[in-house]
Amino acid sequence: MTEVESERDRRACVYDAARIAEWVAGNPLDYQYPTRFPDVFMYTRELVEDIFGNPFHPVSFDPAWGTDTVVAIAQGMYESRDFSAMPILADALQDAGCEKAAILTHCRDASQSHVRGCWVVDLVLGKS
C-alpha cells in the first residue's frame, strides 16, 4: 500500500466514524454514505451502539439494581466474553427493579452484537 492509499484509507475511516456517530444518534446528514462496504458499516455501527449506547440519551444505573445475581451474571459474561446470557441479565435487572427501557431492550435485542465493553455490562460492573 502506498502512502497516498494509506492516507486515503485513513480519511475514509474518519468519514465512516462520523457517519456511524450520526446514524447511532438517529440524525443522519443529507449526503449519501459510500456503499463500498455496507456489511462492515453495519457491524461497526452495532459495535459502536453496544459500547457507547446512545450518547444523546445517557442512562443512569441505580445501585439498588446491582444485586449479587445481576453482578454475577455481568461478571461472568465480562470474563468469558460470552454474552449469550444478556437476556438473562435483563430478567435479573428487571427482578431487581430496573424499568429502564433502554437497558432492558439492549439486553434482549437478539440482533444486537455484544462485546466486552458493552455499556450495560459496564454500568452493572461500575466500569467507565
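Please read all numbers here as calculations on a predicted model, not as lab measurements.
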[atom1] of [X] to [atom2] of [Y]: how many Å apart, nearest 0.5 Å?
| X | Y | atom1 | atom2 | result |
| --- | --- | --- | --- | --- |
| Cys98 | Asp91 | SG | CG | 11.5 Å |
| Phe52 | Cys118 | CZ | SG | 12.0 Å |
| Gln94 | Leu89 | CD | CG | 11.5 Å |
| Arg116 | Asp82 | CZ | CG | 12.5 Å |
| Gln75 | Ser80 | CD | OG | 10.0 Å |
| Asp109 | Met86 | CG | CE | 10.0 Å |

Item checked: Minimum heavy-atom distance between Gly117 and Asp122, given as atom pair plus value ->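 Taking Gly117 first and Asp122 second, the nearest heavy atoms are O-OD2, 3.4 Å.
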
Item checked: Heavy-atom pair of closest approach, residues Val121 and Ala74 ->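 Looking at all heavy atoms of both residues, the closest pair is CG1-O, 3.8 Å.
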
Next item on the list: Quick one: which residue pairs count as a ring pair (Phe, Tyr, Trp, His ring centres under 6.0 Å) with a foot in residues 85-124, not counting sequence neighbours?
Entry: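 Residue pairs passing ring pair (Phe, Tyr, Trp, His ring centres under 6.0 Å), neighbours aside: His106-His114, His106-Trp119.
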
Margin query: Among residues at least two apart in sequence or on other chains, which ones pass ring-ring contact (aromatic ring centres under 6.0 Å, His included) with Tyr78?
Written below: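 Not a single residue meets the ring-ring contact (aromatic ring centres under 6.0 Å, His included) criterion with Tyr78.
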
Check: Does Val115 belong to the same Ile/Leu/Val/Met/Phe/Trp/Tyr cluster as Met77, with side-chain heavy atoms less than 4.5 Å apart forming each link?
Finding: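 Different clusters: Val115 never reaches Met77 through Ile, Leu, Val, Met, Phe, Trp or Tyr contacts under 4.5 Å.
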
Could you pull out every donor-acceptor pair under 3.5 Å between side chains of residues 58-72 and any protein atom, sequence neighbours left out?
from  : atom 1 : to    : atom 2 : distance (Å)
Asp62 : OD1    : Ala64 : N      : 3.0
Trp65 : NE1    : Gly97 : O      : 3.4
Thr67 : OG1    : Val70 : N      : 3.3

